Amino acid sequence: MAEATGTRRTELAPRYDPSGLEGELYDEWVDRGLFHVAASDADDPYVIVIPPPNVTAALHMGHGLNNTIQDVLTRYRRMQGYDALYLPGTDHAGIATQNVVERTIREEGKTRFDLGREAFVERVWEWVDEYGSTIIEQLRVIGCSCDWERTRFTLDEGLSQAVREVFVRLYERGLVYRGRYIINWCPRCGTALSNEEAEHRDHTGRLYRIRYPLVGEGDAFVEVATTRPETMLGDTGLAVHPDDDRYRDLAGRTAILPLVGRELVVVADDYVDPEFGSGVVKLTPAHDPNDFEIARRHGLEALDVMTDAAEMNDAVPEPYRGLDRLEARERVVADLEAGGYLVGVEDHAHSLGRCYRCDTIVEPRLSDQWFVKMKPLAEPALEAYLKGDLRFHPERYGKIYQNWMENIRDWVISRQLWWGHRIPVWYCRENGCDEMVVAREDPDRCPACGGELEQDSDVLDTWFSSWLWPFSTLGWPEKTEDLEAFYPTDTLVTAPEILFFWVARMVMAGFEFMGELPFTDVLLNGTVRDHQGRRMSKSLGNGIDPLEVVDLYGADAMRFTLIRGAPLGTDLQLNNEDLEEAFRPGRNFANKIWNAARFALPHLSDASDPESGAERLLADRWILSRLARVTGEIDEAFDTFRLHEVAESCHSFIWGDFCDWYLELAKRRLDDPESGGHRVAALTLGEAMDGWLRLLHPIMPFVTEAIARRLPGRGPEDTLVMGPWPEPAADRIDEEAEGAIEALRELVGSIRALRAEYRLDPGKPLDVRLAGASAGLRRALSEERDAVRRMASLSTIDEVEDGPIAVEGEPGASAVLRTGGEVFIPLAGVIDLDRERERLTGETEQISGLLRATRGKLGNSGFVDNAPEEVVQRERDKLDSLAEQLERLEDKLRSLGATAS
RNA sequence: GGGGCGGUAGCUCAGCUGGCUAGAGCGCUGCGUUCACAUCGCAGAAGUCGGGGGUUCGAGUCCCUCUCGCCCCACCA
């Protein structure tokens, strides 16, 4: 990077090597503060907040995709002149982080209880201080242009203040409450989980049919069905449907709970489905949400029969105490069978909730927890979507969001963990004083009796801090300059898995605490999968390490491959067993650009204004016209978040138009430094490159920057990072030049095709004749004759003005051009005339088929009257072109002595 | 049970409000090493657009239906 910019012939390696170069550029950008935005300067902000990764996380390909998308959007807006802020940070991730540190102390043979709460939390902080910024550092490697001066952590002082403020406010509004309900409990993590944190998966279990004897009725019994026989130890009743004729007189009678001997009253309740099982339900109110509801309606008690670890507790008969719930199940079933109570067992498919952090089967369990009442919060969040203020990309996620909002349930926010935001609630320990204090500042003594207070031992759900992220990171609840300048943010980019966990809740928090949406557009990126379509995961070991990819192929190659491979709303498949195959497109593209620059750079300093001498040629006008069009297409693609189209457009323009054609056409002039044309070509070359380097910069920031600073008159102090972004110059759209160069491309292409068709020696220059060429093609040819000769390997091109292109029966190969005219390659002694006739006959059939179809269309008044004029005109033009092609083909065949078909 | 999505070339996918002879990358076949790039160039093969019906001048695109996949939500024991 230290090369003198004054050197005219910069020596570039023939292979692009991103290693070293990317890191240096990145450091330089950061050192110059290019990614930092001060609130005082932010007149026109564009803001993206990162979905804060867990502090325990290492960067994986999912982040790679997600963060690259955020960075591409940010860089685009920054180049357009917005005060673009990409705000980074991490999440304290309560359960995940606590688990990680518990594992490390387990290696010392200890548990968190051995250390005690304070010492354990201290250990977690030590861990976070040491490893917590790993993922943040890794984001730099992939080129993310984050404002590092604003890095936040959900347990920072300020963010913790926000959490506390929110809890207290919601409590004051009556939206936070404490209650005893059935919640999902993870016995391994030892904590309550929200509905979202319990993942339901299908499972084939068993359905056990059990007899419960009726009291005082001899051998009479009722049969019940259950998938969880161990919970019967906590049964406190039975239920039937009130209209079930079979059990019309059963309600009010009493049954005996086998193995326990407790008497159970039978109640009648609408909830019971007479179709299922025997139509009699056992009620275990402490371990089943439905049973809990029924029991409450009928005043039945709830008996918790398990410990925190899901082992049977002292409320069950002695033989079962201390058994794990699954061991207890076996034991209960065996005992039922021995006692003659078991009627039958059958397979039964149902779904089981599992802990999203450790996959343990969750236990529905009655316990005291804190909840947020969600319905009032959901109303404005739902309305914002229905009104169109909140948009999802792809749109279908809006319906999923709507469905969730409409069926929202209260949110359990207390967690029985040590790592996290402590619940700001204190209880008076004084005998007989029931005072509870909910406070923003830690209270000293009980305000009622002056007694000692004890803080609630629970912490809050991690997501209770994440949902504040778009404003807590900007200083809320303080009225900061940042908040004023950067809230609301603009685009939220995240994975669909956390639509409910995070996105939906942020929208609710935005309305509740800031009075407006936290962002207007939500972009949901797809999932990264391996070659077999499986989700990449640690446990499958099928992940791809982004750092390894960067190391091998460069961040640009990775970014391009990801963006180009992931159209909006689709998953991205990458071959995890062959990284080169997976990332080759990006690597090759970077190399292609590098080599185009390697060729072009030495010429650019010769550029001068066309007015000082020669005119721009059609080729020059064409490439600038194409650039203008592509710029417009790219802006449109950005506006609709179709980033893969941005990548695609850059790729096809740079490779397919600029490298394959413009450079080839310009070479002749560039190689002749004496001509005025040389200066014009150099000028155009520089303009085109300047344009596409900028267009591509958001996706491939490094290679574009490395090249841009080698352009004449530019140095290391000039950067693409701050723009400007190219304007889609409408005045450069040039239909004439596009038509002419298009015809020229077809001419070259068809000669090449004939050469391949007849396996002509690739090195041997040919003589060709051209007849009936359009004015545009003739003009293009007059400008680019030498270039065409070189590209098609020709010695002469004879333009036949009048008369036939070949004498009757002259051996040779012909091609009829769609853009008008005909090419003939005389090939005495080489060509097989039969074969040529056959080939031309095939083409004739194809063209006449199309011609028939087109004629039919235009002869149909329904079409001509109804279709837009533009479409009809296109068909007319097509008809003319096809008719001409057909005529030429038929003439050709006649001259070869064949009967035209 | 409720909600949502998808089936286009061997593979992964584009094809946006219906309208050029349905495209791209990878893979495959053939040819090519002087003049930026073999991480390259040129040419080529390959598609009943899941099946059926309908609307329309016109359907890969809209509607219905069947079929095959996938995802999310849900308290039927």
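Proteins come first, then strands; the chains are lettered A, B, ... in the order of their sequence lines, and each starts at number 1. All figures in this text were calculated on a predicted structure; none of them were measured in a lab.
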Whole-angstrom distance between [N] and [M], as gauged at atom [atom1]:
N	M	atom1	value
B:rC42	B:rC63	C1'	46 Å
B:rC37	B:rG32	C1'	15 Å
B:rC64	B:rC70	C1'	23 Å
B:rU29	B:rU65	P	46 Å
B:rG19	B:rU34	P	46 Å
B:rG47	B:rG60	C1'	11 Å
B:rC28	B:rU48	P	22 Å
B:rC11	B:rG54	C1'	34 Å

For a quick check of understanding: with a heavy-atom distance under 4.0 Å over all strands, which category does [X] fall into, base, sugar-phosphate or nothing?
X	answer
A:His348	sugar-phosphate
A:Arg15	base
A:Arg564	sugar-phosphate
A:Pro364	nothing
A:Glu196	nothing
A:Arg755	nothing
A:Ala753	sugar-phosphate
A:Tyr271	base

Any [X] side-chain N or O less than 4.0 Å from OP1/OP2 of [N]:
X	N	result
A:Arg587	B:rU39	no
A:Trp594	B:rU39	no
A:Asn588	B:rC40	yes
A:His200	B:rC72	no
A:Arg409	B:rC75	yes
A:Lys592	B:rG41	yes
A:Lys667	B:rA36	yes
A:Arg396	B:rC71	no

Pairing nucleotide - [N], Watson-Crick or G-U, each distance under 3.5 Å:
N	value
B:rC70	B:rG4
B:rC49	none
B:rU39	none
B:rU33	none
B:rG44	B:rC28

Of the options [options], whose atoms approach the side-chain atoms of [X] most closely?
X	options	answer
A:Ile400	B:rG4, B:rC42, B:rG15	B:rG4
A:Pro289	B:rC57, B:rG4, B:rC75	B:rC75
A:Thr226	B:rA77, B:rG19, B:rC42	B:rA77
A:Ala756	B:rA43, B:rC72, B:rA36	B:rA43
A:Thr570	B:rA36, B:rC26, B:rA14	B:rA14
A:Val871	B:rC75, B:rA43, B:rG19	B:rG19
A:Arg598	B:rC42, B:rC37, B:rA24	B:rC37
A:Thr227	B:rU12, B:rA36, B:rA77	B:rA77

To the nearest 0.5 Å, what is the distance between OG1 (A:Thr640) and CD (A:Glu645)?
6.5 Å
For [X] and [N], what is the distance between atoms [atom1] and [atom2] respectively, to the nearest whole Å?
X	N	atom1	atom2	answer
A:Asp410	B:rC75	CG	P	14 Å
A:Glu664	B:rC42	CD	P	9 Å
A:Asn575	B:rU12	CG	P	12 Å
A:Asn595	B:rC40	CG	C1'	9 Å
A:Phe599	B:rA36	CZ	P	6 Å
A:Ile593	B:rC40	CD1	P	12 Å
A:Arg529	B:rC11	CZ	P	18 Å
A:Asp202	B:rC76	CG	P	11 Å

Ion pair check, [X] and [Y], cut-off under 4.0 Å:
X	Y	answer
A:Glu230	A:Arg228	yes
A:Arg354	A:Glu199	no
A:Glu884	A:Arg818	no
A:Arg206	A:Glu346	no
A:Glu223	A:Lys282	no

Any A:Phe560 side-chain heavy atom under 4.5 Å of A:His651 side chain
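Yes, close enough: below the 4.5 Å cut-off.
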If you assign A:Asp571 and A:Gln846 each to the RNA chain B nucleotide with the nearest heavy atom, which residue ends up on the more 5' nucleotide?
A:Asp571
Walking RNA chain B from its 5' end, the first of A:His644 and A:Asn866 to be reached, judged by nearest nucleotide, is A:His644
Run the numbers on A:Tyr356 and A:Phe501 for ring-ring contact (aromatic ring centres under 6.0 Å, His included), then give the verdict.
CA-CA 12 Å; A:Tyr356 83 139; A:Phe501 273 115; 5.3 Å; yes
Cation-pi check for A:Phe599 against A:Lys667: NZ or CZ below 6.0 Å from the six-membered ring centre and within 45 degrees of the axis, yes or no?
yes
Is the NZ or CZ atom of A:Arg15 positioned over A:Trp594's six-membered ring, under 6.0 angstrom from the centre and within 45° of the axis?
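Geometry flag: not set, cation outside 6.0 Å or 45°.
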Side-chain donor or acceptor of A:Asn860 under 3.5 Å from a matching atom on the base of B:rC57?
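No such pair is found, so the answer is no.
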